[in-house]
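Take a look at the structure set out below.
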2 protein chains.
Amino acid sequence: MSTTSTTERILEAAIELVSEKGYAAATTKSIAELAGVNEVTIFRHFGNKRGILKAIIEKFSYGPILQKTIQLEVTYELQDDLLLFSEEYLRYMFSIKDFVLIGFREAGSFPEIDEEIANIPRVIKEELMKYFMEMQRREKIMDIDVEPIAMSFIALNFGHFISAARLGSNVTTIDLTELLRTSVIIFSRGITP
Amino acid sequence: MSTTSTTERILEAAIELVSEKGYAAATTKSIAELAGVNEVTIFRHFGNKRGILKAIIEKFSYGPILQKTIQLEVTYELQDDLLLFSEEYLRYMFSIKDFVLIGFREAGSFPEIDEEIANIPRVIKEELMKYFMEMQRREKIMDIDVEPIAMSFIALNFGHFISAARLGSNVTTIDLTELLRTSVIIFSRGITP
DNA sequence: TATATACGCAAGCAAGTACTTACATTACTA
DNA sequence: TAGTAATGTAAGTACTTGCTTGCGTATATA
């Protein structure tokens with residue numbers, strides 16, 4: 001037997017299958033098979049199929065990780081800070097990539113997921129706005145409403161994430177770090193007074 | 001009876017249900033019901049369930065991608081052009097929103113969709129690159145590789161689209177046109193020499 | 001040693017699903 | 001008016017799916 005707990009193995013299998021095929025198409029039988037567990041064991045652990053997804057949501061919605069991720073060491077050098085943020089953001093998003101995918105897929109049938117997914121940009125927006133306001137105080141960026149600035153920067157990074165995660169090299173062969181560098185340069189110049 | 005053809009009514013119902021619940025959860029019975037058609041009629045028209053989705057893919061892949069705006073209405077005033085492009089892009093994306101959603105959901109089971117979805121940014125990228133190169137010739141934007149510039153601008157707009165389409169007002173209450181204006185201003189300044 | 005806990009295995013059930021077949025009905029067309 | 005194409009209706013089939021039940025087995029703990 002493997003070292004990880006049964007519950008954990010079932011969850012991992014479920015995450016993989018649901019993110020790949022969707023909730024309905026990921027049968028309890030296939031999940032059990034991938035987890036190397038008898039199908040009955042799933043029901044003993046989670047009650048019913050919905051229970052698996054509820055457990056997945058709980059597992060990922062452990063928010064503090066996100067909070068920690070964005071609180072980086074700021075130097076108040078605009079370009080450096082934004083690049084660091086972008087890199088950290090993408091690292092985080094890739095670490096929860098499967099969950100984001102599940103979120104986009106099953107939001108209709110599981111409203112709780114929508115809640116969690118929407119929470120990510122909300123938290124990030126607040127943090128970014130604080131940073132931009134401080135930068136305005138130091139007169140290092142333009143003096144306009146910081147919320148659309150923050151939203152735009154998030155949109156930019158999120159766009160890169162989806163592009164890399166779902167389209168891969170189907171659209172461009174430029175690697176992600178290179179793309180990030182360019183877009184951060186553009187954005188920094190764009191909000192510098 | 002309604003004026004639209006039976007085939008069309010079935011397709012519309014299928015698009016609505018599949019984009020909302022996913023392919024597996026959208027049963028032929030429910031599609032028939034929504035279309036106001038007997039279930040058997042579906043099989044007479046499309047052979048089997050997969051046939052419906054194939055028809056959906058074909059229906060969308062024949063539509064032109066953006067097309068008109070970029071080539072015809074450019075003024076070579078950077079900010080004006082980019083804003084016009086952004087608005088047109090979002091209008092287009094919203095018009096095929098359901099299809100994009102289906103694409104993200106069922107790409108795993110229907111590789112043909114992935115092909116079509118990836119085609120959208122690819123075509124747009126080419127168009128944008130041409131424009132940026134012309135702008136470089138006119139010395140109106142910085143002289144760096146145009147591909148990452150184009151990719152960044154697409155990422156930015158795509159991010160706004162997803163944000164508006166899936167998160168709605170859960171993250172920000174600023175309306176989309178306002179957001180677009182700010183992000184275009186930032187981007188324009190960012191690539192101006 | 002005795003008992004509880006966790007899991008596997010086999011069988012099965014009720015409900016749903018995609019899909020078929022056979023026949024009746026309507027509407028348009030030659 | 002006769003015939004053809006498109007749809008509805010009814011019934012059914014083969015299969016899958018989530019879930020349950022009953023029982024046997026291994027491991028750990030008291």
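Because only heavy atoms are used, hydrogens play no part in the values below, and waters and symmetry mates are left out as well, while side chains stay in.
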Checklist outcome for this item: Given protein heavy atoms under 4.0 Å, the one-letter contact record of nucleotides 10-20 of chain D, with B base, S sugar-phosphate only and - none, is simply B------SSBB
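To the nearest 0.5 Å, the span separating CG on Leu78(B) from CZ on Phe132(B) amounts to 7.0 Å.
If you chain together hydrophobic residues whose side chains sit under 4.5 Å apart, Ile191(B) and Ile185(A) never meet in one group.
What separates CZ of Arg9(B) from C1' of dG8(D) is a distance of 13 Å, to the nearest Å. The CD1-C1' distance, from Ile10(A) to dG8(C), rounds to 13 Å in whole Å. The distance between atom CD1 of Ile42(A) and atom P of dG8(C), rounded to the nearest whole Å, is 10 Å.
Taking the six-membered ring wherever Trp is involved, the centroid distance between the rings of Phe153(B) and Phe85(B) falls below 6.0 Å. Taking the centre of each ring, Phe104(B) and Phe104(A) stay at or above the 6.0 Å mark.
The side-chain hydrogen bond (donor to acceptor under 3.5 Å, both in side chains) contacts involving residues 44-58 of chain A comprise Thr7(A)-His45(A), where partners must be two or more places apart or lie in separate chains.
OP1 or OP2 of dT7(D) sits under 4.0 Å from a side-chain N or O of His45(B). Checking the phosphate oxygens (OP1, OP2) of dA6(C), no side-chain nitrogen or oxygen of Thr41(A) falls inside 4.0 Å.
Taking the six-membered ring where tryptophan is involved, the planes of Phe94(A) and Phe161(A) are perpendicular, since the angle between them exceeds 60° and thus also 30°.
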